[in-house]
Amino acid sequence: MDWAYLFEISLTGIASGGLYALAALAFVMVYKATRVVNIAIGEMLMAGGYLFFSFAAMWALPLWLAIPAAVLACGLLGAVIERTMIRPLLGEPPISVFMVTVGLSSVLIGLVEMIWTADQRRLPEFMPTNPIMVGDAFLAPKVFWGAVIAAVFIAAVLLVFRYWRGGVALRATASDQAAAYSVGINVPRVFSLAWVASAMLAAISGIIVGSIGGISSSMGVFGLSVLVVVIVGGLDSVLGALVGGILIGLVEALAGAYLGGEYKLLATFVVLVVILMARPYGLFGTHEIERL
Amino acid sequence: METTLARGAHPTAPPLLQVDSVTLAFGGVKALSGVGFGVQPGSITAVIGPNGAGKTSLFNTISGFYRPTGGSIRFRGQDITRIPAPQRAKMGLGRSFQNIALFRGMTVLDNIKLGRHAHLKTNVFDALFYLGRARREEAELRRDIEERIIDFLEIDHIRHAPVSALSYGLQKRVEMARALAMQPEILMLDEPVAGMNREETEDMARFILDVRAEWGVTVLMVEHDMGMVMDLSDHVVVLNFGQVISQGVPAVVQADPEVNRAYLGSGNVDELRAKLRAAARIPTSAGAAA
Amino acid sequence: MRIGTLKESYVADAALFDSRTQHAWLAIAAVLLVLFPFIASDYWLYLACLVAINVASATGLNILTGYTGLVSLGQAAFMGLGAYTVAILQTRYGTPMLLNLLAGGVVAMLGGIIVGIPSLRVKGLYLAIATIAASFIAHFLFANFEITGGTAGLSLSPARVLGMDLDTSFRLYWLIVPVTVLMLLGAANLFRTRIGRAFIAIRDRDISAEVLGIALLRYKLLSFGLSSFYAGIAGGLWAYFFRVVTPESFPLSMSIFFLAAIIVGGMGSILGGILGAVFMTMVPELLKLLVDLLPGGASLAVFLSPVRLVIFGALIIGFLVFEPLGLAEMWRRMRRFFHLWPFRN
Amino acid sequence: MTQEPTDNVLEVNNIEVIYNKVVQALRGLSLAVPRGHIVALLGSNGAGKSTTLKAVSGLLPLENGALEAGSITFNGQSTTAIAPQLLVRRGLSHVMEGRRVFEDLTIEENLIASTYALSGRESAAKPDFDLVYEYFPRLHERRKGLAGYLSGGEQQMLAIGRALIAQPELILLDEPSLGLSPKLTEDIFGIIARINAERGTSMLLVEQNATVALAVAHSGYIMENGKIVIDGSAERLANDPDVREFYLGMGGSGEAKSFKDIKHYKRRKRWLS
Amino acid sequence: QGAEEIVVGGSIPMTGVFAFAGVGINAGIQDYVKIINDAGGIKGRKVKYVPEDTGYKVDVSVAAYKKITSQNKVNLYYGDSTGFSKTINPELERNGNILMAGASFASELNDPKKYPNQFLVGPDYTEMFSILLKHIAKEKPGAKVAFVYSDSEFGRDPIEKSEAEAKRLGLSVPIKIMTPAGSVDVSTEVIKLRRAAPDYTIFHGYILAPIPEFITQGKQQGMKSKWMGTFWTMDSSTVMKMGEAGDGFMGVMPYRYYYDTEKAPMLEKIRAMRPEYQSTAYMQGFLAAMLFLESAKRCLDGNKPLTGANLKAALNSLKDFDTGGLIGVPLTITGNSIPVGRVYKADMKAQKMLPASDWIKL
Ligand SMILES: Nc1ncnc2c1ncn2[C@@H]1O[C@H](COP(=O)(O)OP(=O)(O)OP(=O)(O)O)[C@@H](O)[C@H]1O
Ligand SMILES: Nc1ncnc2c1ncn2[C@@H]1O[C@H](COP(=O)(O)OP(=O)(O)OP(=O)(O)O)[C@@H](O)[C@H]1O
Ligand SMILES: [Mg+2]
Ligand SMILES: [Mg+2]
C-alpha cells in the first residue's frame, strides 16, 4: 500500500468535495424554504460563471468588482426566476415545480448559447497559483482555495440558521404555506430570499468551478454530482451538504485513483443507493412524519 | 381453535377480537402499555379516552400498521399479531381513518371499489386484456357496491364526484362506505362523527345501527361525542396514557370517577356556562405573574 | 348530467369509451392511423414511428409516476435494457422478432423490479434521484462488456417478418404503431381493475392503502415492473427502428424527456401520456419548420437555433404555470366545450 | 383602549366566493363581529363556514378560491387589498381548520415562527411565550418535541397558542373542538372565554359543537348553503326550536334525544323553506 | 435534366455540445458551395446546400436526414456524429444515391466494406494517434507516452490500437487515464499522471476542458511532459483559450490553419471571403464540400449517374489531388479516410499555431 499516494488522493478528494458542498448548499437553500428540487442548479452555476466571464473578460472590470457584480447579477436572475416561474406554482405538487426547473435549464442553456455562443471558454485566472503542499502531498491551489471559500460560506450559513429566526421562517414556509401566512410570515418574501440566496451561492460556486474547468453551455452536468451530494446529505440539511460533499468528493477520488475513471460515477451512485437504503432521508435529512 | 369452540357453550360468546396486554412504544414514548379487552360479535364497542391516550395507535396496531412491542391480538380465535396489514384487511378487519384518508385522485365510486381490493382475484394479465375474469369481477363488484352500499349510505348523487370536492361530512360517509366495501366482519371507525353537527351525527348514528342490524357487522369505534357513545355502545373501553382505566357498559363507565376526572368533564352546558363565567372573572394579572 | 353519457347498465358505465361521440372519434383516429403511411412522406413517417415509440415508453412511465406516484428518472435505462436485449438476440441468435421484443420487455422488467426494491423505504424525490443510479449503472454495463459491443455498441440487421425485411419507416410503421396501440389499450384496461386502483391508492396515500388490503411492496414492484416492461418493449422497437444501439443512445436526458412528456401531457392520464409524448417529440421539429418559414432561411438558422432551446424550455414552464394539469386537462376542457360536436345523437 | 359595544371590529358585507372558477361556496353572506365579543358561526358540513374565515383572512387564493363580490372591513379598513401576512401583523389571526401546525418544527419553533406577526407593529410588543405556556402548561412540557408527534388536542393548543403570540385583536377560530375529548373541549373553551375576558380579544368562532359554542359566545349566526339563515344573541339562538332540534339535539319538549331513537325520515328545517 | 440541382444535405449540430464546430462546418460548406455556384456550378448544374440543425442528437439528426431527403433529391450528405453515421448507414445503402461524410473521425467508420458510401474528411482517430506517435518516435525514441481520454465512444476510440502502435514504434505507454464525461476537477488524475512521469501526454476525447487544468496542475507539480491533442482540440481559438498553460501545446492537424501563409491559394480565397479568423471546423466543412463536389464533377465528367457507388468510386479515383493548399500535400484517397496530418505547436506570443513537423503521411 502506498500510503503517501492514498493520503494525497484523499486530500484532493476532500478538497474537491468542498466545491460540491458549496453548490449543494445553493440547492439546499431553495429546497429548505420552498420544497423545490432545483434540477437546474448546474445551469445556475453556469449562469454565474458566464456573468463573471462577461464582467471580467468582456467588460474588463477589475476582479474585486467583477466577482460581486456577477454574484449580484445572478441573485437578480434568481429573483426573476422565482417571481415568474416558481411563485405562480405555489401550492402545486412538487413534481410540477421540479419539471419547471427542467424547463428552466433548457432556457438557461439556450440563453447562454445565444448571448455567449456555445464555445468553451476559460475564466480569467484570479486565484493564487502557488502550489499548496501538505507534507509531501500536493494540493492544486484552485481546488484548495475553492474549498476554503466553500467552507467559509457553509460555516456562515450554518451560523445564520442557528441564530437567526429567519431559519425558522424558511422551514415553516416549507412545512405549510397557508399556515405560514397565518402566523404573519411573508411567504413570497421567503421564497424570493431563498432563491436569491441560492442563486448567489450558485454564482460563487460557478465562478470557482468555472475557473477550474472552464465554462461552456454544457457545464450544467456538474449539477448531477450536486444532486447526488444533496441526496446523500439529506435534501434539506446544510450540514448534510457539507458532509455529503466531502464524502462524495472522497469516494470519487478514491474510485478514480484505484479503480479508474469509468468507476467514478458508478462508485458514487453505489454509495448513494447504499446510504439511501440505510437512511431513506439521507444522512441528515428531515424524516417525513407519517401518521394515519 | 378448540378453546374457542369449547367456550362457545358459555353464556357469553367468545370474543370476535381479543386484545391481550398489547404494548407499543415509539422510542421513549409509550403509546400503549398492557392494553387488553375483547369485542363481542355483533356488539358496538367504543374506545374512548383523552387525546393522546393511544386510541388511534390501538386501532393502528389492530389493523397491522404498527407492530406491537408486546402482547397479542386474536381475531376469530386466530393469533394475528404477526400477520401483515393487507392480509388482516382480507380476513375481515375493515376500518376508517381519523384524519380522512380518502384517495383524492379517485372518484367516490373508485374509492369504494378500492375497499374490496383484497377480495378480488384479477391478476395483471386479466387486467391488461380486460377479458373474462376481470370483466366479470368488475361488473359484479359494481353491482354489489351500487345496490348494497351506495344506496344504503345515500350517496348515489355523488358517486362520480372526485372526493376532493366533497365537504367534510360527505367524505366521512364515503370513508364509511369504503370500509363497508371491505366486507368486514369487524368495522373499526376512528372518530366517525368528528366535525359533524348534531344533525349529521344523528344520520351517522343511524347508519351505524343499521349496518349492525342489517349486515350483522360488529362495530368497534373511537369517538369523542359522548352522547353518541353512551347511546349506541354495548361496551365501552376507556384508555388513558395507553392503559385501560375502566371498561364496561356505558352506565358503569360514566359513573367511574376517574373517567370523569380524566375525560368527561362536566358535560352539562349550564354548568359549563357557569364555569366559563367564573373563568372569565379571573383577574388579568394572573397571566403576567407566571 | 351531460346528454350522450346516459348509461343503461353498469357495464356500459365502465366501458373505456363511453359515448357514441367517442366511438366516432375513435373510428376516425383508427382510419387516419391506417391511411397515414400511404399519404405521408418518409420524414413524417419517421416522426410517426418515433412518436409512437415515445408514446409507448411515456405510457409506461405514466403507470409508474403518474398513477403510482413513484417518480423515476430511469426510464431511458430500461429502454436501453430492452434495446440491448433485442440487439443481442437479433445479432447473436437471430431469434424471431416478436420473441425478441418480448424478451426485451421481460429483461427490462426484471431490471425495473430490482431498481424498485428500495421504493418501499425510499420515497418521493429521494427515490427519483436514486433511480438516476439506474441510468449510470446501465450505462456502465453497456459500455464495459464484450457482449454489448463496448462503447461502439451493436448494429442490427433489420427485423424479418414473413420473409420481408422491416427496413423502411413505412414497413416499421406497421410493427411499431400496432404494438403501441396494444400497449395503450392494456394500460387503459389496467385502470379499470383493482390493480390500477391499487396503484392510484398508493400514489394518493400509500400507508392507508396498506391498511386497506394492498400489499405495498408487491404493488410498487409490480408498477416498476410494468413500467419498465413498457420501456423495454419501446426500447426494442427503438432498436429495430434505429438499428444501432450504443451506450450513449439512452442518456439521462432521455429519461428527463419522458418525465417532461407525462407532466406536460398530464400525469395519471393515458391521454396525457400520449399527448405529452407527441408534444415533446414534435415541438422541436415544428419549431424548426417555423424557422424555415422565416425569411433568411439557413443563415438565420444559425442564430435562431439556441432560440429554439429557449422556446422549448419556456413552453414547458408556460404549461406548468398556466395549466399544471397538463395537455390532457386542456383537451378535456375543450371537449366539454364542444362535447358532442360534430356528432349529435 | 376605548371600547364601544356598537363598534364592530369585523364587518363582512354580501360576499360571494367561487372556487376553481366554478364552485360557488358563498352567496351574499354578511356578518359582523362587535369589538370584544365572541361571535359563533354555526352551520352544517359544506355550508361555507371555513370559506368565510378564509375570505376574511385572505387565504382563499391559496386554494384557488376568489372573492368575487362584497366587502370585508377590519377595524374599518377594507381587507381585500392587504396581503394575508400583513393582516396578521395588524391583529387579525386565523386558527385554521385541522390545526395546521408546522409538523417538522418543534413547539418552541412553532411559536418563534409566529413572532413574525409582531414585526412592523408600532406598539413593538415583545413576544410573550410565557403567556402561552401559562394557558397551556402541556405545551411547556413538550416544547422541545416535534409538533408533528403531538396528539390532536395538543396540536389544537399549539395552534391557539400561536395565534396568541400574535397579540391579535380578532381571532378567527375554525372548529377548535374538532377531535378533542369532552374535557379538553371544555378546557379549551374555558381558555377561549378567559382570553376574551382578560384580553378583550374579539373572536369569530366556527364550531360544530353548538352546545359549547353557544355557551361561550355572545351572539351567533347560523348559515346554510353559503348564506346566513338566522342570527341573534346566544340566548335567542339557544331557544330557537330548529336550533334546539338540529344543533343541540333536543326533542320537541326540551329533553335530550337519544341517538337510539333516530327516525329514518326528518322534519324539514323551517329556514330552508 | 442537365439543369437539375446537385443537392448537399447536412445534419449540422448548430446547438448543443458540438455547436462550436457545427457553426464553422456550416459556414465552410456554404462558402465552398458559393464558390462553385459563382463559377457557374458543375457542368451547368447549380449546387444547393440544405442544412438542418440537430442539437447533436442522433434521433433529431436522423429526422433531419429524413426531412431533407424526402424534400430533395439528395446526392451528398454531411452527418454530425459517429452515432448518426452508424445509424444512417443502412439507410444510405438502401438509398444508394448518396455519398456521405461527416464530423466523425471514428476509426470504426474507416472500413469501406462496412461503410461503402461514407468517408472521413481526414485521418481517423487512430491514424491521428499514429501521426503523433510517429512524430514522437522521431523526436525522442523510446519516449514514455501517456494517454488521457474521456469515457465516451469518442474518447475510447483509438486507445487500444494506439497502445499497440506505440509499442511497435518502440515507445512505452506507462499510464492510460480515463476521465468520466463532464468531470471538472481532475486533481486526482493529475496525481496519477505525475507519478507515471511521461515524456509526452496525449489528450483525446475533449474539446478544451479539462486539458488546461491538467496542464496547469501538471506544471505546478513539476511535470516535464509535453502535451498533445487531436483534431477537435486543435482549433487555434481553442488552444489560445488555454492561456499560459497552452504554450507549447502540440497536436495533429490535417488541414492548414486560416492564417497559414504557405502557398495555399484556397486559403487566400477564404480569407478574401471572410476577413475574420475561421476555425478548423470550417476547414473541415469546406474540404468536405470540396471533395463532395469534386466527386460529383468526376461522375458527371464520366457521364455516370450520381449514385453513391459512383460518387465513392470517383472519390477513390483522386490521385495527387490538389486541395488548393488546404492540405499541404496532394491527396490520394484509397479507402475511407485521408491519413495525412501535421504536428502543429502553439505559440502564445504570436497567438498562432505553428508547424512543428512536416506533413506526415501514413
Ligand atoms: N408515529 C408516531 N411516532 C411517535 N409518536 C407517536 C406516533 N404516533 C402516535 N404517537 C404518540 O402516541 C400517543 C398516542 O397517540 P394517538 O394518536 O394514538 O392518540 P389518540 O388517543 O388517538 O388521540 P386523539 O384523540 O387526539 O386522536 C401520542 O402521545 C402521540 O404523540
Ligand atoms: N378548495 C376547494 N375547492 C373546491 N371547492 C371547495 C374547496 N374548499 C371548499 N369547497 C366547497 O365549498 C363549500 C364550502 O366549504 P367549506 O369548507 O367552507 O365548508 P364548511 O362549512 O367549513 O364545512 P365543514 O363543516 O365540513 O368544515 C363546500 O361545498 C366545498 O365542497
Ligand atoms: Mg386518534
Ligand atoms: Mg370547515
Side-chain angles (χ1 to χ4, degrees), chain A residues 31 35 37 39-40 81 84-89 91-115 117-118 217 221 224 227-228 230-231 234-235 262-263 265-266 268-270 272-273 275-282 285 288 290-292, chain C residues 65-66 69 71 73 115 117-118 120-137 139-141 143-144 205-208 210-211 252-253 256-257 259-260 262-264 267 303-322 324-326:
Chain A
Y31 186 84
R35 288 285 143 87
V37 166
I39 201 128
I81 291 169
T84 56
M85 306 173 195
I86 306 299
R87 204 180 298 173
L89 285 171
E92 296 295 335
I95 175 86
S96 299
V97 194
F98 167 78
M99 216 56 227
V100 162
T101 65
V102 170
L104 174 63
S105 69
S106 175
V107 169
L108 287 178
I109 293 172
L111 283 177
V112 160
E113 290 189 358
M114 263 162 73
I115 302 174
T117 77
S217 60
V221 290
L224 198 66
L227 279 184
V228 175
V230 292
I231 289 290
L235 286 173
E262 68 269 44
Y263 290 94
L265 271 175
L266 191 72
T268 56
F269 276 101
V270 168
L272 170 98
V273 171
I275 286 182
L276 277 188
M277 289 301 278
R279 298 186 64 99
Y281 296 93
E288 200 185 318
E290 286 195 327
R291 286 177 70 177
L292 263 181
Chain C
T65 300
V71 182
L73 283 167
V115 172
I117 290 172
L120 197 65
R121 275 173 68 72
V122 183
K123 298 197 170 165
L125 293 157
Y126 284 94
L127 179 67
I129 291 169
T131 56
I132 295 182
S135 286
F136 285 96
I137 293 170
H139 182 275
F140 180 84
L141 296 179
N144 291 297
R205 194 110 207 272
D206 58 350
I207 50 179
S208 48
E210 186 176 22
V211 175
L252 181 62
S253 59
I256 293 179
F257 169 91
L259 200 56
I262 60 168
I263 290 171
V264 168
M267 295 215 293
F303 171 71
L304 283 179
S305 297
V307 179
R308 277 196 351 254
L309 271 179
V310 176
I311 295 179
F312 184 65
L315 272 174
I316 297 182
I317 297 170
F319 259 112
L320 291 165
V321 170
F322 296 110
L325 294 177

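Letters A, B, ... are given to chains in the order of the sequence lines, protein chains preceding strands, and every chain is numbered from 1.
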Do you know the tightest heavy-atom contact between A:Met277 and C:Arg121? O-NE, 2.8 Å

Considering only heavy atoms, which portion of A:Ala40 lies under 4.5 Å from any heavy atom of chain C: side chain, backbone, both, or neither? neither

Shortest non-hydrogen contact between C:Pro324 and A:Leu89, atoms and distance: CG-CD2, 4.4 Å

Closest heavy-atom pair and its distance - C:Val310, A:Met114: CG2-SD, 4.0 Å

Minimal heavy-atom distance between A:Ser106 and C:Leu309, with the atoms involved, is OG-O, 2.9 Å

Heavy-atom contact with chain C under 4.5 Å, split by part of A:Val100: both

Which bit of C:Leu73 is near chain A, if near means a heavy-atom gap under 4.5 Å: side chain, backbone, both or neither? side chain

More than 12 foreign heavy atoms under 6.0 Å from CZ of C:Phe312: is that the case here? yes

Work out which heavy atom in C:Ala130 is nearest to a heavy atom in A:Leu276; give both atom names and the distance. CB-CD1, 3.6 Å

With a 4.5 angstrom heavy-atom cut-off, could you sort out which part of C:Val264 is near chain A: side chain, backbone, both or neither? neither

Is A:Ser217 close to chain C through its backbone or its side chain, or both, or neither, when contacts mean heavy atoms under 4.5 Å? neither

For C:Tyr126 and A:Tyr281, take the angle between the two ring planes, folded into 0 to 90°, and tell me which bin it lands in: parallel under 30, tilted 30 to 60, perpendicular over 60. perpendicular

Check: C:Phe136 and A:Leu224 side chains under 4.5 Å, non-hydrogen atoms: yes

C:Leu127, part contacting chain A, at a heavy-atom distance under 4.5 Å: neither

What one should report as the nearest heavy-atom pair of A:Leu272 and C:Ile129 is CD2-O, 4.1 Å

Using non-hydrogen atoms and a 4.5 Å limit, figure out which bit of A:Leu266 sits close to chain C: side chain, backbone, both or neither. side chain

Measure distances from A:Leu265 to the heavy atoms of chain C and classify the residue's part below 4.5 Å as side chain, backbone, both or neither. side chain

Quick check on C:Val71 against chain A: is it the side chain, the backbone, both or neither that has a heavy atom closer than 4.5 Å? side chain

Among A:Ser105, A:Pro88, A:Gly285, A:Gly110, residue most engaged with chain C (heavy-atom pairs, under 4.5 Å): A:Gly110

Please determine, among C:Ile316, C:Leu252, C:Ile207, the option with the most heavy-atom pairs under 4.5 Å with chain A. C:Ile207

Partner of A:Ser96 under side chain to side chain contact (heavy atoms under 4.5 Å, CB included), picked from C:Val321, C:Leu320, C:Leu325, is C:Leu320

Could you look at C:Leu259 and say if it's the side chain, the backbone, both or neither that has a heavy atom under 4.5 Å from chain A? both

